Amino acid sequence: MLLKRLIETLGAYQARDPAARSKLEIFLLYHCVHAIIKHRIAHFF
């Protein structure tokens, strides 16, 4: 479930940001995505 939501989030960022080339780039370089991932993991627990 978390992985599915992660892929959806990365796709949304990729659709809205013309400078983003790939989901991997977004996952590795965008700090806001890191914050969202950490928040969702904390909320899960």
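All values below come from the heavy atoms of this structure, side chains included, with hydrogens, waters and symmetry mates left out. Numbering starts at 1 and runs along the sequence shown. It should be emphasised that the depicted structure is a prediction, and the values quoted were computed from it without experimental measurement.
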Please tabulate, for the side chains in residues 31-45, all donor-acceptor contacts under 3.5 angstrom to protein atoms that are two or more places apart in sequence or on a different chain.
from	atom 1	to	atom 2	distance (Å)
H34	NE2	F27	O	2.9
R40	NH1	T9	OG1	2.7
R40	NH2	T9	OG1	3.4

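Across Q14 and R21, no two heavy atoms sit closer than the pair NE2-O, 3.4 Å.
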Y13 vs D17, side-chain contact (heavy atoms from CB on, under 4.5 Å): CA-CA, chis, key distance, verdict: CA-CA 6 Å; Y13 273 94; D17 187 3; 5.7 Å; no
